[in-house]
Amino acid sequence: MIQETEAAVELETAMSAAADAAPALVNSRPGDRATWLRAIADRLDGDAEALVAVAARESRLTEQRLRGELVRTTFQLRLFSRVVEDGGYLDAIVDHADADWPMGARPDLRRMLRPLGPAAVYAASNFPFAFSVAGGDTAAAIAAGAPVVVKAHSAHPELSRAVAVHLHEALAAAGAPRGAFALVEGREAGLALVLDPRLTVATFTGSLAGAGRSSTWRPPGPSRSRSTASSAA
């Protein structure tokens, strides 16, 4: 009962902060988000030896394998920083006003993709770096301008906490809004997270049983967002 209560408090703190941070993230400059992503990558690279040692102890994967995965992880973060700066992902379309349009005067019409709001990322067990706390889904959410709440995997809790500390400190030092990132742990928090009405999108990589549970989630409002689930080999 105590653990469930603590998980509920932890989740409420994380989701409240994410919801509060959402407007600032939506309106943040792409260059700033790129800076945040590079700051995270730099922090992880700077502590690579210690992080790999923790990951090897918890996962029993080889250090060589884990070093390569950490390189992949920081590459992903920097890749997303370049994507953000390029801006092509926004799919921006501008139709200028045209008083002589054959079907009648056309107003100025502009369209672009916008972030939905708080995102949930469920970490995988078999990729403790690349599909975990600072993995590609987290990088994508931050790049898009969405606050992210990561549910740590129970297979590597110490590593998850260590990486989360780096994300918190890197984001704070780079000027990101408070609430841009949070980590929650435990089965109860994971189940409650995907049902939180403030959540707009959830990403999941893992077992079919876990995907089945996450598929019970329904997005708030009419077709505003979706939950994605896949099974990792």
Side-chain angles (χ1 to χ4, degrees), residues 11 13-48 51 70-94 108 110-123 129-152 160-184 193 196 198-203 220 224-226 228:
L11 178 60
T13 300
M15 285 304 301
S16 293
D20 290 343
L25 274 134
V26 167
N27 294 310
S28 61
R29 295 181 300 178
D32 289 340
R33 298 199 298 276
T35 297
W36 304 342
L37 291 165
R38 285 192 290 266
I40 295 169
D42 291 345
R43 285 292 298 256
L44 295 178
D45 281 341
D47 197 27
L51 292 173
L70 181 54
V71 168
R72 171 182 174 176
T73 303
T74 56
F75 169 79
Q76 289 175 160
L77 288 159
R78 294 188 177 99
L79 176 63
F80 273 107
S81 76
R82 295 193 293 273
V83 169
V84 170
E85 290 175 327
D86 174 73
Y89 74 99
L90 293 170
D91 196 21
I93 297 176
V94 179
D108 187 275
R110 303 180 182 221
R111 186 186 73 183
M112 62 182 287
L113 297 178
R114 300 272 287 175
L116 292 170
V121 171
Y122 287 78
F129 287 117
F131 286 85
S132 190
V133 177
D137 289 338
T138 299
I142 294 173
V148 59
V149 177
V150 176
K151 192 276 180 184
S160 297
R161 294 172 200 137
V163 172
V165 168
H166 283 305
L167 263 78
H168 279 300
E169 294 182 354
L171 289 168
R178 179 184 173 278
F181 167 82
L183 181 76
V184 296
L193 172 59
D196 193 294
R198 292 164 291 192
L199 192 69
T200 62
V201 64
T203 68
R224 285 187 60 229
S225 57
R226 65 182 182 179
T228 59

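Positions are given from 1, in the same order as the sequence printed here. The model shown is predicted, which means the values in this text are computed figures rather than measured ones.
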For residues 132-147, tabulate all N or O donor-acceptor pairs below 3.5 Å that involve a side-chain atom, not counting sequence neighbours.
unit_1 : atom_1 : unit_2 : atom_2 : d
Ser132 : OG     : Pro128 : O      : 3.4
Asp137 : OD2    : Thr203 : OG1    : 3.1
Thr138 : OG1    : Val133 : O      : 2.9

Please tabulate, one pair per line, all N/O donor-acceptor pairs under 3.5 Å involving side-chain atoms of residues 112-121, not counting sequence neighbours.
none

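Taking each heavy atom of Met15 and Leu199 in turn, the nearest pair found is CE-N, 3.9 Å. Closest approach of Pro177 to Trp36, counting heavy atoms only: CD-CH2, 3.5 Å. Of all non-hydrogen atoms in Leu11 and Leu193, the two that sit nearest each other are CD2-N, 3.6 Å.
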Side chain to side chain contact (heavy atoms under 4.5 Å, CB included) assessment of Leu77 paired with Leu44: CA-CA 10 Å; Leu77 288 159; Leu44 295 178; 4.0 Å; yes
Intermediate values then yes/no, salt bridge (Lys or Arg N to Asp or Glu O under 4.0 Å), Arg38 and Asp45: CA-CA 10 Å; Arg38 285 192 290 266; Asp45 281 341; over 6 Å; no
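Annotation: the span from Ile40 atom CD1 to Thr73 atom OG1 amounts to 12.0 Å, rounded to 0.5 Å.
Taking a cutoff of 4.0 Å between a charged side-chain nitrogen and a carboxylate oxygen, Asp20 and Arg198 do not qualify as a salt bridge.
Scanning for side chain to side chain contact (heavy atoms under 4.5 Å, CB included) contacts around Ala17 gives Arg178, with sequence neighbours left out. Partners of Asp91 according to the side chain to side chain donor-acceptor pair (under 3.5 Å) rule, which considers only residues two or more places apart in sequence or in another chain, do not exist here. Taking Thr35 as the reference, nothing meets the side chain to side chain donor-acceptor pair (under 3.5 Å) condition, with sequence neighbours excluded. Scanning for side chain to side chain donor-acceptor pair (under 3.5 Å) contacts around Asp86 gives an empty result, with sequence neighbours left out.
The local environment of CZ in Arg82 is crowded, with over 12 non-hydrogen atoms from other residues, nucleotides or ligands closer than 6.0 Å.
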